[in-house]
Q: 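First, the structure itself, so that you have it in front of you.
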Amino acid sequence: MQRVEEFVACRPAGIILREKDLEESVYKNLARQVINICETYQVPCILHNFVSVALELGAENIHLPLPVLRELDEGAKSQFQNIGASCHSVEEAMEAKQLGCTYIIAGHIFATDCKRGLPPRGTEFLRQVCQNVTIPVYGIGGICAGNIHEVMGTGARGACVMSGWMQCENVAEYVGKIADKDWRKP
């Protein structure tokens, strides 16, 4: 929890609690802790995948895999202020918007250990997604201070970072390097 608190203290736009390998009950306990940390710093906490946990905890935000989003009924959708989905093609992004998403995460943009062996989709893919939907799009996958300007040059609203802040020695310094970039310069 210390690493989560260090990151949330940097006041990111939000944090997605994505722990898809946990059992639902374990995820719920973890979600309670992360929600409390996020509330302390007034940072949105976005729960992932477990709709019933999100509803039980009164979460305003949820991020879903597209197959789960396809099955979510309108009553459940209406309980959330923000609904996001992970998309891997322009067609998926368009479908996610039609299904009620308020934002999309598109990826993976650059090579990343999380998707070892899978070729990255690149910034042109991200540009195409941004041009084909009218909701905010965030890039994900291999994004760091050295390439975030490329992501922002596509029309993306922002970027998602996981490994970088989890593995860095100083979270505040790492976040500062990404957040303080001047997006107008390459």
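No hydrogens, no waters, no symmetry mates; every other heavy atom, side chains included, goes into these values. This chain uses plain numbering: 1 for the first residue, then up along the sequence.
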Q: Below 4.5 Å, heavy atoms only, C-beta onward: do His108 and Cys114 meet side chain to side chain?
A: no
Q: Any side-chain to backbone donor/acceptor pair from Tyr27 onto Leu17? Under 3.5 Å, distance only.
A: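 Confirmed, Tyr27 side chain pairs with Leu17 backbone.
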Q: Has Arg157 got a side-chain atom pairing as donor or acceptor with Tyr138's backbone, closer than 3.5 angstrom?
A: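 No: the side chain of Arg157 does not pair with the backbone of Tyr138.
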Q: Report yes or no: do Glu5 and Tyr41 form a side-chain donor-acceptor pair below 3.5 Å?
A: yes
Q: Would you confirm whether Asn147, through its side chain, and Glu150, through its main-chain N or O, come within 3.5 Å as a donor-acceptor pair?
A: no
Q: Is there a side-chain contact between Glu169 and Tyr174 (heavy atoms, below 4.5 Å)?
A: no
Q: Taking the side chain as every heavy atom from C-beta outward, state whether Phe110 and Thr123 have any pair of such atoms under 4.5 Å apart.
A: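 Sidechains of Thr123 and Phe110: in contact.
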Q: Do Val51 and Leu72 come within less than 4.5 Å of each other through their side chains, counting heavy atoms only?
A: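 In contact.
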Q: Is the shortest side-chain heavy-atom distance between Leu99 and Arg70 below 4.5 Å?
A: yes
Q: With rounding to the nearest 0.5 Å, note down the distance linking NZ in Lys115 to NE2 in His88.
A: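 The NZ atom of Lys115 sits 5.0 Å away from the NE2 atom of His88.
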Q: Does the pair His149 and Met152 meet the rule for a side-chain contact (heavy atoms from CB on, under 4.5 Å), with working shown?
A: CA-CA 5 Å; His149 67 278; Met152 299 309 293; 5.7 Å; no
Q: Determine all donor-acceptor pairs shorter than 3.5 Å in which one atom belongs to a side chain in residues 161-168; sequence neighbours excluded.
A:
from	atom 1	to	atom 2	distance (Å)
Trp165	NE1	Val161	O	3.1

Q: Under 3.5 Å, side chain of Asp73 to main-chain N/O of Ala76, donor-acceptor pair present?
A: yes
Q: As a quick check of understanding, evaluate side-chain contact (heavy atoms from CB on, under 4.5 Å) for Ile16 and Ile105, giving each step before the final call.
A: CA-CA 11 Å; Ile16 298 174; Ile105 293 179; 3.4 Å; yes
Q: Under 6.0 Å between ring centres: does that hold for His63 and Tyr103?
A: yes
Q: State, with a plain yes or no, whether a side-chain heavy atom of Lys77 is found less than 4.5 Å away from one of Ile83.
A: yes
Q: Got Lys28 and Glu56 here, is their nearest side-chain heavy-atom distance under 4.5 Å?
A: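 Contact flag for Lys28/Glu56 side chains = yes.
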Q: Where is the tightest heavy-atom contact between Ala106 and Leu126, given as atom of each residue plus distance?
A: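 The pair with the smallest heavy-atom distance is CB-CD1, 3.9 Å.
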Q: Can you find a pair of side-chain heavy atoms, one from Asn61 and one from Cys45, that are under 4.5 Å apart?
A: no
Q: Under a 4.5 Å side-chain heavy-atom rule over Ile, Leu, Val, Met, Phe, Trp and Tyr, are Ile15 and Ile35 clustered together?
A: yes
Q: Under the criterion side-chain contact (heavy atoms from CB on, under 4.5 Å), I'd like the reasoning laid out for Phe80 against Thr102: C-alpha separation, chi angles, the key distance, then a yes or no.
A: CA-CA 10 Å; Phe80 299 105; Thr102 56; over 6 Å; no
